[in-house]
Amino acid sequence: MITTDVLVIGAGPSGTVAAAMIKNAGFDVRIVEKQQFPRFVIGESLLPRCLDALNEAGFMDALNAQHFQIKAGAKFVRNGEICDFTFEKQHTDGWRYAWQMPRADFDLTLANECERKGIPVAYKHEVTAIEIAEDGSSVTTILPEGGEPYQIKARFIVDGSGYGRVIPRLFNLEKPSSQPARKTMFAHMTDPRRLEQEEPNRIVVYVHRDDCWIWTIPFANGNTSVGYVSKPEFFDKYTGTPEEQFRAMIADEPALKERFAHAELIFEPRVLQGWSATTDTFWGNGFVLTGNVTEFLDPIFSSGVTLATVSAQTASKLVIRHLNGEAVDWQKEYTEPTMQGVNVFRTYVNGWYDGTLFKIFFARNKSEQFKEQICSVLAGYVWDMSNPFVKTHEKAVRNLANYLDNVPEHS
């Protein structure tokens, strides 16, 4: 039987941030990952708040060496109206940029850096059972692809398994999210007309219809990620092969029709739906859940990787304290701040889909102060209580939208 201080499940951003920070504190750490890297995953646009966690974990040099496309902000476009958020103009004193990149490359960089730090990463190794003793120590059974099962004894487990949701599944902790079911179809495409765009490297979100939005995320390699998000029934009118459906969607959007008319698909369009889920608890005796294991909301504001890395950053510090024999109030010190971030993002996700944010984003005479405060939320600084659009997020968004409703000629 293998022994270690901490077993990390999942080699994505959440697992690797946690593993690196715990390893940096002098503890023995091992990562097991069900898939083989590099592997495709959605979530190709980071927010500046992620860089706090990545920097503290010691990943920035390795990431800078990849020369990913710099993300300076994002544009939202509806029927020719533009709302442009620039991270240079935000309320919070934080990072002023992030990256946009194929996640396969990003995740592999983090996993490789963990191995360089001396953290073993076992790919194609699936967790099949976990037994936790009263003292919080655990014995985890792992099945390598094509191999014999083996066991790891650990003092603590960090579950950063993302959509795999290993501990919630094994311990029956899963519960449905309150978010409505949505679906996305997306692909990477060549972008031969990118340089004709006003800002070729900027992320742009297009409001295709009130119930459908499109992302375009340009990468440094010249390709662009394009995805449609809507209710599942939106996609029903498109028939044929996945490529035929996807090209028909692009032809129906005036902002994209000419740009991608002759673009090639890097891979066949893929579909995800029903991605929102949560759990009864984010921690338990001998384990903590991080990343999308806690809750993934929606891709509209790129909140996924932010919540993944920040929850791992918070959790790893608590794990280190626990291993050092200190008392940890997991509810107050982990669950409550994690839910703070989830709930702020949820307000903005819901505000996007019910049209509240349209009133704010596309108002003619925007308050620069309000815009900077909202920009900080979109930069991922959803724990900055000096920002009224964080501290009283639901009330602040609702009141601003109601105010704009009563201002003549605001739209």
* Kindly determine whether Ser45 and Gln100 satisfy side-chain hydrogen bond (donor to acceptor under 3.5 Å, both in side chains), including the steps that lead there. => CA-CA 4 Å; Ser45 165; Gln100 52 212 49; 5.6 Å; no
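- In the displayed structure, Lys231 atom NZ is contacted under 6.0 Å by at most 12 heavy atoms of other residues, nucleotides or ligands.
- For the pair Lys371 and Phe85, the distance from NZ or CZ to the six-membered ring centre is under 6.0 Å and the angle to the ring normal is within 45 degrees.
- Between Phe76 and Phe362, a ring centre-to-centre spacing not shorter than 6.0 Å is recorded.
- Between Phe234 and His208, the two ring planes are perpendicular [angle over 60°; tilted spans 30° to 60°].
- Counting non-hydrogen atoms of other residues, nucleotides and ligands closer than 6.0 Å to CG of Asp93 gives a total of 12 or fewer.
- Annotation: side chain of Ile42 is not in contact with side chain of Arg103 (no heavy-atom distance under 4.5 Å).
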* Asked: Given the rule in the side-chain hydrogen bond (donor to acceptor under 3.5 Å, both in side chains) test, do Asp252 and Tyr238 qualify, once you have shown the distances and angles that lead to the verdict?
  -> CA-CA 11 Å; Asp252 282 348; Tyr238 297 99; 2.7 Å; yes
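- Between Gln66 and Trp99, the closest side-chain pair of non-hydrogen atoms is not below 4.5 Å.
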* Run the numbers on Lys183 and Glu233 for salt bridge (charged side-chain N to carboxylate O under 4.0 Å, His left out), then give the verdict. => CA-CA 9 Å; Lys183 176 178 176 178; Glu233 52 266 30; over 6 Å; no
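- In this structure, Asn172 places its CG atom where only 12 or fewer heavy-atom neighbours from other residues, nucleotides or ligands lie under 6.0 Å away.
- Looking only at side-chain heavy atoms (C-beta outward), Val328 and Tyr334 stay at 4.5 Å or farther from each other.
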* Could you walk me through whether Arg155 and Asp5 pass the salt bridge (charged side-chain N to carboxylate O under 4.0 Å, His left out) test, one step at a time? => CA-CA 5 Å; Arg155 296 171 62 192; Asp5 291 319; 3.3 Å; yes
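- Annotation for Glu131: atom CD does not count as buried by contact number, only 12 or fewer foreign heavy atoms lying within 6.0 Å.
- Checked against salt bridge (Lys or Arg N to Asp or Glu O under 4.0 Å), Arg39 has the following partners two or more places apart in sequence or in another chain: Asp107.
- Enclosure of atom CD in Glu258 is not indicated, since only 12 or fewer non-hydrogen atoms of other residues, nucleotides or ligands lie within 6.0 angstrom.
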* Test Asp329 against Lys332 for salt bridge (charged side-chain N to carboxylate O under 4.0 Å, His left out), laying out the working first. => CA-CA 6 Å; Asp329 185 336; Lys332 184 174 182 179; 6.0 Å; no
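- Between Val229 and Phe186 the shortest side-chain heavy-atom distance does not fall below 4.5 Å.
- Smallest separation of non-hydrogen atoms from Ala379 and Leu47: O-CB, 3.4 Å.
- Aromatic ring centroids of Phe282 and Trp330 lie 6.0 Å or more apart.
- With 3.5 Å as the limit, one finds a donor-acceptor pair spanning the side chains of His91 and Ser386.
- Under the 30°/60° scheme for interplanar angles, the aromatic rings of Trp95 and Tyr97 are found to stand perpendicular.
- Taking a cutoff of 4.0 Å between a charged side-chain nitrogen and a carboxylate oxygen, Glu372 and Lys89 do not qualify as a salt bridge.
- Sparse packing is recorded around CD of Glu145, with 12 or fewer heavy atoms of other residues, nucleotides or ligands lying under 6.0 Å away.
- For the pair Arg321 and Glu333, the salt-bridge criterion is met [side-chain N within less than 4.0 Å of a carboxylate O].
- Taking the centre and axis of the six-membered ring of Tyr353, the NZ or CZ atom of Arg182 falls inside the cone set by 45° and 6.0 Å.
- Heavy-atom contacts from other residues, nucleotides or ligands closer than 6.0 Å to CG of Asp61 number 12 or fewer.
- Each of Ile82, Ile214, Thr224, Thr216 was compared with Val204 under the side-chain contact (heavy atoms from CB on, under 4.5 Å) criterion, and only Thr216 meets it.
- Ring centroid separation for the pair Phe287 and Phe171 comes in under the 6.0 Å cut-off.
- Taking 4.0 Å as the cut-off between side-chain N and carboxylate O, Glu243 and Arg247 count as a salt-bridged pair.
- Other residues, nucleotides and ligands place no more than 12 heavy atoms under 6.0 Å from the CD atom of Glu198.
- A search for salt bridge (Lys or Arg N to Asp or Glu O under 4.0 Å) contacts involving Asp384 returns nothing, not counting sequence neighbours.
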* Derivation and outcome, side chain to side chain contact (heavy atoms under 4.5 Å, CB included), residues Gln35 and Lys124 -> CA-CA 5 Å; Gln35 296 182 289; Lys124 291 188 165 184; over 6 Å; no
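- For the pair Arg165 and Asp159, the salt-bridge criterion is not met [side-chain N within less than 4.0 Å of a carboxylate O].
- Judged by a 6.0 Å distance limit and a 45° cone about the ring axis, Arg270 is positioned over the six-membered ring of Phe40.
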